[in-house]
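All values below come from the heavy atoms of this structure, side chains included, with hydrogens, waters and symmetry mates left out.
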Amino acid sequence: MQIRFLFVLLALPLIAYPQEKQFRFQGQGPTQIVETSSKAIQLQERKVWLFEEEGIGFSNDFRGARLNNAVPTNGSTFQLTIEAENYPVNPSPWYAFKVWSGTDRQVTLSFNYPQGRHRYFPVVSMDGKKWANLDSARFIAKSDTTIAFYNYRLLPKEASMVLDLTAGDTV
């Protein structure tokens, strides 16, 4: 008789103890309003960068493009500058550009973000219609420049990707 009574007394606290609540997303909290009427939109010059010595060309001269500058750093590496359209509202600028080569070759494209962080994984297309993620082994995010962003993601300040270019084709 005493064992049954003891069992009930020991089980009672377990039943009365509230179960841990599962996390349930409550939606995004209040959005902080950032006054930008005094902030200019960072327009980009539509242009084509031709590097004859390297045999490479870049362009942002199409709808939806975003590339602010391209500079060769050696024969096969190019630094691309991507500026936010409106900082501080959009500190994670997108990028879209065309690149081509006169010869079959491999190039490394290093991204530079003066006011932001690299946020989007590269997708590539040969025809502008069919798109595919770049092979993840060809994308390098520099971990020593990674910071917390929006308190939940780690985003690098610097990133680069390796592309194989075929003579006459535009990527």
Task: Reference residue Val171; test side chain to side chain contact (heavy atoms under 4.5 Å, CB included); the match among Val99, Asp164, Val107, Thr166 - done: Val99
Task: Cluster check Leu134, Ile82: I/L/V/M/F/W/Y, side chain < 4.5 angstrom - done: yes
Task: Where Gln44 and Arg66 come nearest, the two heavy atoms and their spacing - done: OE1-CA, 3.5 Å
Open item on the list: Any heavy-atom pair between the side chains of Asn68 and Tyr95 that's under 4.5 Å?
Closed with: no
Task: ring-ring contact (aromatic ring centres under 6.0 Å, His included) partners for Phe58, two or more places apart - done: Phe78
Task: Separation between OG1 of Thr77 and CD of Gln79, rounded to the nearest 0.5 Å - done: 10.5 Å
Open item on the list: Any heavy-atom pair between the side chains of Ile140 and Thr108 that's under 4.5 Å?
Closed with: no
Task: Residue pair Phe97 / Leu67: nearest heavy atoms and the distance that separates them - done: CB-CD2, 3.8 Å
Open item on the list: Given 3.5 Å as the limit, does a donor-acceptor pair link the side chain of Arg105 with the main chain of Leu163, or not?
Closed with: no
Task: Nearest-0.5 Å distance that lies between atom OG in Ser160 and atom CG in Leu109 - done: 8.5 Å
Task: Contact summary for Ala96 and Gly64, nearest pair of heavy atoms - done: CB-O, 3.4 Å
Open item on the list: So which atom in Gly102 and which in Ala167 form the shortest heavy-atom distance, rounded to 0.1 Å?
Closed with: O-CB, 3.3 Å
Open item on the list: Hydrophobic clusters here meaning ILVMFWY residues chained together by side-chain heavy-atom distances under 4.5 Å, can you tell me if Met126 and Leu165 are in one?
Closed with: yes
Open item on the list: Any non-hydrogen side-chain atom of Asn60 less than 4.5 Å from a side-chain atom of Trp49?
Closed with: yes
Task: Ring geometry between Tyr113 and Phe111 (parallel below 30°, tilted from 30 to 60°, perpendicular above 60°) - done: parallel
Open item on the list: If I take atom CD from residue Glu83 and atom CG from residue Asn112, how far apart are they, to the nearest 0.5 angstrom?
Closed with: 8.5 Å
Open item on the list: Taking Lys130's backbone N and O only, do any of them form a donor-acceptor pair with Asp127's side chain (distance below 3.5 Å, no angle check)?
Closed with: yes
Task: Euclidean distance, Thr170 OG1 relative to Lys98 NZ, rounded to 0.5 Å - done: 7.0 Å
Task: Arg46 side chain vs Phe62 backbone, donor-acceptor pair below 3.5 Å - done: yes
Open item on the list: Checking Phe121 now: which residues fulfil ring-ring contact (aromatic ring centres under 6.0 Å, His included) with it, not counting sequence neighbours?
Closed with: Phe139
- [ ] Compare every heavy atom of Ser101 with every heavy atom of Ile56, then report the nearest pair and how far apart it is.
- [x] CD1-CB, 3.8 Å
